[in-house]
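Written below as structure tokens is the structure these notes are about.
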Protein chains: 2
Amino acid sequence: MNSEFTIAVHCLIELAKNTSGHLYSSEALSQKVHTHSARVRKIMSTLRKNELVVTKEGIRGGYRLNLDPREITLALVYRAIACEALKLNWCSCSESDPELISVRMVMDQAFGEAEVLLEEYLERLTIDSLLRQAEKVRESLSCLCPENIPSDPQSIDK
Amino acid sequence: MNSEFTIAVHCLIELAKNTSGHLYSSEALSQKVHTHSARVRKIMSTLRKNELVVTKEGIRGGYRLNLDPREITLALVYRAIACEALKLNWCSCSESDPELISVRMVMDQAFGEAEVLLEEYLERLTIDSLLRQAEKVRESLSCLCPENIPSDPQSIDK
DNA sequence: AAAACTGTATCTATTATAATTACACTAACC
DNA sequence: GGTTAGTGTAATTATAATAGATACAGTTTT
């Protein structure tokens with residue numbers, strides 16, 4: 001699965017954690033997510049067009065969720081980013097051989113159905129559920145490695 | 001999905017159609033599948049290691065199926081080629097940020113489960129079923145475009 | 001008007017993918 | 001036993017996809 005998807009989900013999780021009332025800037029997000037702010041802006045722009053986040057330009061601008069984290073399913077994110085993880089790759093796409101075309105049609109059909117099943121599965125995962133799970137995992141990790149200081153959510157708009 | 005998978009499936013369908021008793025050479029297969037013979041050999045070599053096909057070197061060598069087409073599921077092919085279509089891509093994989101690690105663990109887990117579901121679905125598709133469907137599609141296509149002469153399976157070892 | 005943001009395009013670097021070439025090895029055939 | 005027709009596999013090159021980086025126009029707030 002393409003990395004725009006993982007970045008999008010990770011950003012949404014960060015936004016869900018932000019209860020400060022302030023917007024989250026692309027610069028701050030990019031540090032959390034370990035990528036570049038221009039890339040974050042591009043992805044967030046796509047999410048805005050799909051009404052998953054609200055953006056604001058200008059001073060004190062930035063991003064926040066447009067829905068409750070319990071309402072944001074991974075299926076919504078998946079469709080917004082148009083990952084098409086199961087789309088088949090045909091290196092010989094310009095061929096007009098009727099045999100190849102028929103095989104291709106049948107397989108594309110089969111994997112289209114697989115994609116529907118995948119989206120049904122992703123429908124059941126929400127930003128909220130992932131966030132809770134990740135918190136739990138982090139707690140158990142910090143028991144094992146207590147030197148890892150837990151992050152400070154208040155440091156968003158330094 | 002990576003194109004090795006589609007090539008592998010297409011080759012297996014061709015092998016299933018070959019009832020001539022002769023082996024199918026990489027050269028002939030590569031023409032059917034519209035790629036290069038070295039690539040076909042590489043992929044078929046992987047399928048041989050997974051016991052889906054039998055290969056033979058030397059004169060009159062080539063490939064044939066090792067199982068009945070009804071027994072070769074796409075799940076077998078998928079695992080053989082190790083497509084990992086749903087594997088998440090983390091561009092920041094060397095980071096040791098505990099927050100990122102926990103998000104990553106949770107998401108990798110979720111998509112590992114999605115991959116299991118996908119394999120269950122692929123378990124229900126066989127080379128035989130695809131072959132039959134493709135034949136039907138080709139028949140209906142040839143009604144629409146009768147100038148497309150049906151292929152001649154006897155021309156394999158010309 | 002200046003400052004702090006987003007939005008977006010473009011360029012460059014890196015990586016992944018596919019095509020191509022080459023050749024060692026193997027088995028059948030004469 | 002040598003020639004031929006095939007696989008197995010590695011190495012090289014070409015092309016495409018991905019990610020990083022930079023730049024700057026546009027938008028708000030102060």
Side-chain angles (χ1 to χ4, degrees), chain A residues 1-8 10-11 15 22-31 33-50 53-64 66 81-85 87-95 156-158, chain B residues 1-8 10-11 15 18 21-31 33-50 53-64 66 81-85 87-95 156-158:
Chain A
M1 183 94 61
N2 106 31
S3 70
E4 286 196 5
F5 178 75
T6 56
I7 291 175
H10 196 170
C11 285
L15 293 185
H22 297 138
L23 299 185
Y24 214 136
S25 76
S26 65
E27 185 58 36
L29 264 179
S30 71
Q31 280 172 27
V33 171
H34 295 95
T35 184
H36 294 265
S37 58
R39 193 161 190 226
V40 167
R41 290 199 293 273
K42 187 170 172 234
I43 293 170
M44 298 310 280
S45 170
T46 307
L47 295 182
R48 169 180 53 84
K49 286 167 193 159
N50 285 273
V53 300
V54 169
T55 73
K56 194 172 153 203
E57 300 185 14
I59 226 167
R60 293 199 152 266
Y63 306 95
R64 69 173 171 79
N66 190 35
I81 304 290
C83 298
E84 300 191 306
K87 180 127 177 256
L88 296 177
N89 189 346
W90 298 90
C91 47
S92 52
C93 45
S94 61
E95 298 293 339
I156 288 163
D157 44 358
K158 55 157 185 322
Chain B
M1 183 93 61
N2 105 31
S3 70
E4 286 195 5
F5 178 76
T6 57
I7 291 174
H10 196 171
C11 286
L15 293 185
N18 176 22
H22 297 140
L23 299 185
Y24 214 135
S25 76
S26 64
E27 185 58 34
L29 264 179
S30 72
Q31 280 172 27
V33 171
H34 295 95
T35 185
H36 294 265
S37 58
R39 194 161 190 226
V40 167
R41 289 201 293 275
K42 188 170 171 236
I43 293 170
M44 297 310 281
S45 170
T46 306
L47 294 182
R48 170 181 52 83
K49 286 168 191 159
N50 286 272
V53 301
V54 170
T55 74
K56 194 171 153 202
E57 300 184 14
I59 225 167
R60 294 198 153 268
Y63 307 94
R64 68 172 173 80
N66 190 35
I81 304 290
C83 297
E84 299 191 307
K87 181 129 176 253
L88 296 177
N89 189 347
W90 297 90
C91 49
S92 51
C93 46
S94 60
E95 298 293 338
I156 287 164
D157 44 357
K158 57 162 177 311

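A note on names: the letters A, B, ... follow the listed sequences, proteins ahead of strands, and every chain is numbered from 1.
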Please determine if a side-chain N or O atom of A:Tyr24 lies less than 4.0 Å away from the OP1 or OP2 oxygen of C:dC5. no
Between B:Arg39 and B:Val33, is any pair of side-chain heavy atoms under 4.5 Å apart? no
A:Phe5 atom CZ is separated from D:dT18 atom P, nearest whole Å, by 15 Å
Which residues pass the side chain to side chain contact (heavy atoms under 4.5 Å, CB included) test with B:Thr55, not counting sequence neighbours? B:Arg48, B:Val53, B:Tyr63
Contact class for A:Asn2 vs. all strands (heavy atom < 4.0 Å): base, sugar-phosphate, or nothing? nothing
Heavy-atom distance under 4.5 Å between the side chains of A:Glu4 and A:Lys42, does that happen here? yes
Atom-to-atom span, NE2 of B:His22 to P of C:dA27 - whole angstrom: 19 Å
A:Met1 CE to C:dA16 P, straight-line distance once rounded to whole Å: 18 Å
Is there a donor-acceptor contact under 3.5 Å from the side chain of B:Ser3 to the main chain of A:Asn89? no
What is the distance from CE of B:Met44 to P of D:dT9, rounded to the nearest Å? 14 Å
Minimum heavy-atom distance between A:Arg60 and A:Leu23, given as atom pair plus value: O-CD1, 3.8 Å
Whole-Å distance separating the CZ atom of A:Arg64 from the C1' atom of C:dC5: 16 Å
Rounded off to whole Å, could you give me the CG-to-P distance for the B:Leu23 and C:dT26 pair? 18 Å
Nearest heavy atoms of B:Leu88 and A:Met1, plus distance in Å: CD2-CB, 3.7 Å
For C:dA18, take OP1 and OP2 only and decide whether either is under 4.0 Å from a side-chain N or O of A:Asn89. yes
Heavy-atom side-chain proximity of B:Thr35 to B:Leu29 below 4.5 angstrom: no
Could you tell me how far apart B:Gln31 (CD) and C:dA19 (P) are, to the nearest whole angstrom? 15 Å
Which residue, B:Ser25, B:Ser26, B:Ser30, forms the side chain to side chain contact (heavy atoms under 4.5 Å, CB included) with B:Arg41? B:Ser26
If you pin A:His34 and B:Thr55 to their nearest nucleotides in DNA chain D, which one's is more 5'? B:Thr55
Closest-nucleotide 5' rank along DNA chain D - winner of A:Ile7 and B:Gly62: B:Gly62
Could you list all N or O pairs between the protein and nucleotides 8-10 of chain C that sit under 3.5 Å apart?
| from | atom 1 | to | atom 2 | distance (Å) |
| --- | --- | --- | --- | --- |
| C:dT8 | OP2 | A:Ser45 | OG | 2.9 |
| C:dT8 | OP2 | A:Lys49 | NZ | 3.4 |
| C:dT8 | O4 | A:Arg41 | NH2 | 3.4 |

D:dT18 phosphate, OP1 or OP2: any side-chain N/O from A:Ser3 under 4.0 angstrom? no
Nearest whole angstrom, please: distance from the C1' of C:dA16 to the CZ of B:Arg39. 12 Å
Side-chain N,O (A:Ser26) to OP1/OP2 (C:dT6) below 4.0 Å: yes
Please report the interatomic distance CZ(A:Arg64) to CG(A:Leu15), rounded to the nearest 0.5 Å. 10.5 Å
Of all heavy-atom pairs linking B:Leu47 and B:Ala8, the shortest is CD1-CB, 4.2 Å
Measure all distances between protein nitrogen or oxygen atoms and nitrogen or oxygen atoms of nucleotides 27-30 of chain D, and list the pairs falling under 3.5 Å.
| from | atom 1 | to | atom 2 | distance (Å) |
| --- | --- | --- | --- | --- |
| D:dT27 | O4' | A:Glu57 | OE1 | 2.7 |
| D:dT27 | O2 | A:Gly58 | N | 3.3 |
| D:dT28 | O2 | A:Ile59 | N | 3.2 |
| D:dT29 | OP1 | A:Lys56 | NZ | 3.3 |

